[in-house]
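The chains referred to below are lettered A, B, ... by the order of the sequence lines, with proteins before strands, and numbering in each begins at 1.
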Amino acid sequence: MYNPPDPTSYNALVWEIVKQIPEGIVSTYGQIASMIPPPEDVDPDQYARLSPRWVGTAMNATPSGEGIPWQRVINSQGKISLPKGSSGADEQHGLLEMEGVEFNSQGRVDFEIVGWEGPSEDWLTMHHLLPPRSLKRRSEPPATQPSLF
DNA sequence: CGTTTGACTACGC
DNA sequence: CGCGTAGCCAAAC
């Protein structure tokens, strides 16, 4: 994968966003990446493909003791991404269950129930970020969006 | 100094 | 549901 233009500031931004995830709620690498605007000199498509991995890299470098709820970031399949059986995966699973997040028999959470909707519009605007893409992949998307005008 | 390997994701079988 | 693939950088081996 290739790395973000400025890994240091990118990581800090990722952690800042992760801090906004409420207890008992989870987000995904891709959803967090979708809030961070692509640099102007980067192809949007390429950015969309690679940025989730940058978020993963940022999470891997999460500093401890700064109140960053790293456990609330899982993959798009609703599963924990840390190596299965590793102490890290066990810890993440435990912390989430502690918050009331439930896993089914296949080790997956239900985004319909615990999926994050993202920070408030105000917070996003304040930080120059984009609205996150929804975690719920509905087989039946809203065909007709009520006109706002 | 050449290879391997990433806390990812969407998509096809 | 599980497995393989592309993406194509850079740090760790």
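Checking B:dG6, B:dA7, B:dT9 against the side-chain heavy atoms of A:Arg133 singles out B:dT9 as nearest. Closest to the A:Leu82 side chain, of the nucleotides B:dT9, B:dA7, C:dG7, is B:dA7.
At whole-Å resolution of the value, CD in A:Gln77 and C1' in C:dG2 are 10 Å apart. Rounded to an integer number of Å, the gap from A:Glu91 CD to B:dA7 P is 16 Å. The nearest whole Å value for the distance from the CD1 atom in A:Ile74 to the C1' atom in B:dT9 is 14 Å. For the pair A:Arg49 CZ and C:dG7 C1', the computed distance is 6 Å after rounding to whole Å. If you take OH of A:Tyr47 and P of C:dA6, they are 24 Å apart, rounded to a whole angstrom. In this structure, A:Gln46 atom CD and C:dG7 atom P are separated by 10 Å, rounded to whole Å. Residue A:Asn75 contributes atom CG, which lies 9 Å from atom C1' of B:dT9 at whole-angstrom precision. In this structure, A:Lys84 places its NZ atom 11 Å from P of C:dC3, rounding to the nearest Å.
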Going through the checks in order, is the side chain to side chain donor-acceptor pair (under 3.5 Å) test met by A:Ser9 and A:Asp6? CA-CA 6 Å; A:Ser9 62; A:Asp6 180 356; 3.0 Å; yes
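For residues 15-39 of chain A, no residue pair satisfies the salt bridge (Lys or Arg N to Asp or Glu O under 4.0 Å) rule, not counting sequence neighbours. Within the structure, salt bridge (Lys or Arg N to Asp or Glu O under 4.0 Å) contacts touching residues 64-77 of chain A (residues at least two apart or in different chains) are A:Arg72-A:Glu99. Sorted by first then second residue, the ring pair (Phe, Tyr, Trp, His ring centres under 6.0 Å) pairs that include residues 73-107 of chain A, not counting sequence neighbours, are A:His93-A:Phe103. Within the structure, salt bridge (Lys or Arg N to Asp or Glu O under 4.0 Å) pairs that include any residue of residues 77-94 of chain A do not occur (at least two apart or interchain).
Non-hydrogen atoms lying under 4.0 Å from DNA chain B are contributed by A:Thr28, A:Tyr29, A:Gly30, all within residues 20-35 of chain A.
Legend: residues meeting ring-ring contact (aromatic ring centres under 6.0 Å, His included) with A:Tyr10, ordered by chain and number and at least two apart, are A:Trp54.
Checked by atom type, the side-chain pair A:Thr57/A:Asn60 shows no donor-acceptor distance below 3.5 Å.
Comparing B:dG2 with C:dC8, their P atoms are spaced 22 Å from each other, to the whole Å. With P as the reference atom, C:dC13 and B:dA7 are 13 Å apart, rounded to whole Å.
Between A:Ser76 and B:dT9 there is a side-chain N or O to OP1 or OP2 distance below 4.0 Å. Phosphate proximity of C:dG2 to A:Arg108: absent, as no side-chain N or O sits under 4.0 Å from OP1 or OP2.
Using a 4.0 Å heavy-atom criterion, one finds that A:Asn60 contacts the bases of the nucleic acid, with or without backbone contacts as well.
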